[in-house]
Amino acid sequence: MLKEGLSLLCKTGNGLAHAYVKFEAKYKDLTDISLLECFIHLRYVDLSENKLQDLSPLSSLTHLLWLKVDGNLLTSARMQELPYLQIISFAHNHIKDMEGITHPCLANLSLKGNKIRTALGLSQALFSLHNLELRGNKLESTAGFNLPKLKNLYLAQNAIRSLEGLEALEQLTTLHLRDNQLETLDGFCSSMKCLQYLNLRNNGISTFQEVAKLQVLPMLQALVLLDNPCSDEPNYRLEVLVLLPRLERLDKESFEQDERAEANEIRQKRQEEEKVRTAQGRGWGVRSM
């Protein structure tokens, strides 16, 4: 099986010899990979769709760059730190937490389809992490994502009710929160100055007052609100554009120029009415005295 799975003959680090650097063994019913300890030059390993519960034999593969272990029986993502590992996929296992992932060069991490309830165990040492995939877990909150270099975060199909700890995501450009249980949008903050795409489809956002809380996101360009109660309100698109004038697309449809003009008129009118109410309120205060 080892012989069949080995490929990609390359020079070793010192340039004086050659070794196979890729190993693939999918759908082999593997339960033991201890033989891989000897293949220290491996850089790309795919062990998807087996019956693995232990990845400790991979600790000796210090040249590993890419690892895929989808569809196994893993209950933990904990591994010995690998200095060059950049991409890992643990999709569709039985992993319950995010502890023990400390690879300093890790840029892409997928934990899709596991049983993770919290991100609080996520290491802050993941300085290079840009993409994090956590769709289809059991997260109830966004607390724990203290990853200042993260650019893309996928949290669809969880049970998230509250948005917490987002202030650290200063470089985040894409956030997917589709199919969760959000009813309020408290938690977004102005420090999220790079966020451009936000997917909130199929949550419980019922009022435009909640949508107005997205005004703190200075770079938001695309928003998805389909299948929220507020998307059934009259003049839905217009009301969202009144609140978020910098928005370019709503539910993947760009705003037309006439929509922008109408929204601008409504916004200006409401601002003038608010000024009048404020002035009248001050006047009442004077007369009451």
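The pair Glu210-Lys213 meets the salt-bridge criterion, since a charged nitrogen lies less than 4.0 angstrom from a carboxylate oxygen. Taking a cutoff of 4.0 Å between a charged side-chain nitrogen and a carboxylate oxygen, Glu133 and Arg135 qualify as a salt bridge. A salt bridge links Glu274 to Arg277: at least one charged side-chain nitrogen sits closer than 4.0 Å to a carboxylate oxygen. A salt bridge does not link Glu183 to Arg161: none of the charged nitrogens lies less than 4.0 Å from a carboxylate oxygen.
Panel note: side chain Asn146, backbone Ala168; no donor-acceptor pair is recorded below 3.5 Å. Using modelled atom types, no side-chain atom of Ser48 and backbone atom of Lys26 make a donor-acceptor pair closer than 3.5 Å. Under a 3.5 Å cut-off, the side chain of Asp251 and the backbone N or O of Glu253 do not form any donor-acceptor pair. Panel note: side chain Asn228, backbone Asn203; a donor-acceptor pair is recorded below 3.5 Å. Remark: side-chain polar atoms of Asp97 are not paired, donor with acceptor, to backbone N or O of Gly121 under 3.5 angstrom. The backbone N or O of Leu177 lies less than 3.5 Å from no partner atom in the side chain of Asn199, so there is not a single donor-acceptor pair. Between the side chain of Asn180 and the backbone N or O of Leu155, at least one donor-acceptor pair lies under 3.5 Å. A donor-acceptor distance shorter than 3.5 angstrom exists from the side chain of Asn93 to the backbone of Ala91, with no hydrogens or angles considered. At distances below 3.5 Å, at least one donor-acceptor pair connects side-chain atoms of Ser128 with backbone N or O atoms of Pro104. Looking at Asn50, its side chain never comes within 3.5 Å of a backbone N or O of Asn72 through a donor-acceptor pair.
Contact check for Gln53 versus Thr75: no side-chain heavy atoms found under the 4.5 Å cut-off. Within the 4.5 Å cutoff, side-chain heavy atoms of Leu55 are placed close to those of Phe90. Considering only heavy atoms from C-beta on, Met79 comes within 4.5 Å of His103 through its side chain. The shortest side-chain heavy-atom distance between Phe208 and Val242 does not fall under the 4.5 Å cut-off. Side-chain contact check for Pro148 versus Glu170: every heavy-atom pair is 4.5 Å or farther apart. A heavy-atom distance below 4.5 Å is found between the side chains of Ile205 and Leu185.
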Subject >> Check against side chain to side chain contact (heavy atoms under 4.5 Å, CB included), Ile40 and Thr62 >> reply: CA-CA 7 Å; Ile40 60 172; Thr62 55; 5.8 Å; no

Original post:
side chain to side chain contact (heavy atoms under 4.5 Å, CB included) between Val45 and Phe39: does it pass, once the steps are laid out?
Top reply: CA-CA 11 Å; Val45 172; Phe39 292 81; over 6 Å; no

**OP:** Evaluate the criterion side chain to side chain donor-acceptor pair (under 3.5 Å) for residue pair Asp179 and Asn202; output intermediate values, then yes/no.
**Re:** CA-CA 5 Å; Asp179 300 326; Asn202 194 29; 2.8 Å; yes

**OP:** Take Ser60 and Glu37 through the side chain to side chain donor-acceptor pair (under 3.5 Å) test and state the conclusion after the steps.
**Re:** CA-CA 6 Å; Ser60 61; Glu37 289 178 327; 5.6 Å; no

**OP:** Report the C-alpha distance between Cys194 and Met219 in whole Å, list the side-chain angles of each, state the deciding distance to 0.1 Å, and finish with yes or no for side chain to side chain contact (heavy atoms under 4.5 Å, CB included).
**Re:** CA-CA 6 Å; Cys194 296; Met219 293 295 290; 5.8 Å; no

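Cluster annotation: Leu74 and Ile101 are assigned to the same hydrophobic cluster (Ile/Leu/Val/Met/Phe/Trp/Tyr, side-chain heavy-atom contacts under 4.5 Å, transitive). Residues Val211 and Leu198 share a single hydrophobic cluster, defined by chaining ILVMFWY side chains whose heavy atoms lie under 4.5 Å apart. A single hydrophobic cluster is not seen to contain both Tyr154 and Leu139; linkage of ILVMFWY side chains at heavy-atom distances under 4.5 Å, directly or through other members, places them apart. Note on Leu6: it clusters hydrophobically with Leu47, by side-chain heavy-atom contacts below 4.5 Å among ILVMFWY residues. Val224 and Tyr236 are assigned to two separate hydrophobic clusters, defined by single-linkage of ILVMFWY side chains at heavy-atom distances under 4.5 Å.
Distance check, rounded to the nearest 0.5 Å: CG of Asn108 to CD1 of Ile87 gives 5.0 Å. Atoms CG and CG, from Leu247 and Leu214 in turn, are 9.0 Å apart once rounded to the nearest 0.5 Å. Distance CG/Leu244 to CG/Leu220: 6.5 Å, rounded to 0.5 Å. Put simply, CG on Leu73 and NE2 on His92 are 14.0 Å apart, with the number rounded to the nearest 0.5 Å. For the atom pair CG (Leu182) and OG (Ser162), the distance works out to 8.0 Å, reported to the nearest 0.5 Å. Taken to the nearest 0.5 Å, the CG atom of Leu67 stands 8.5 Å off from the CG atom of Leu82.
Around atom CZ of Phe255, more than 12 heavy atoms belonging to other residues, nucleotides or ligands sit under 6.0 Å away. Around atom NZ of Lys22, no more than 12 heavy atoms belonging to other residues, nucleotides or ligands sit under 6.0 Å away.
Tyr197 and His176 have their aromatic ring centers within a separation under 6.0 angstrom.
Scanning all heavy atoms of the two residues, the minimum distance from Thr142 to Leu166 falls at OG1-CD2, 3.8 Å. When all heavy atoms of Ser123 and Leu147 are compared, the pair lying nearest together is O-CD2, 3.8 Å. Scanning both residues, Met192 and Leu172, for their nearest heavy atoms gives CE-CD2, 4.3 Å. Between Ile116 and Leu134 the shortest heavy-atom distance is CD1-CD2, 3.9 Å. Pro245 and Arg260 make their closest contact through O-NH1, 3.2 Å (heavy atoms, listed as atom of the first residue, atom of the second, distance). Between Ser254 and Glu259, the closest heavy-atom pair is O-OE1, 4.2 Å.
Remark: the Asn152 side chain and the Asn131 side chain contain an N/O donor-acceptor pair separated by less than 3.5 Å. A donor atom on one side chain and an acceptor atom on the other are not found under 3.5 Å apart for Glu167 and Ser191.
Applying the 4.5 Å side-chain rule to ILVMFWY residues, one finds that Leu226 remains a lone member of its cluster.
None of Glu262, Arg267, Gln268 except one satisfies the side chain to side chain donor-acceptor pair (under 3.5 Å) rule with Asn264; the exception is Arg267.
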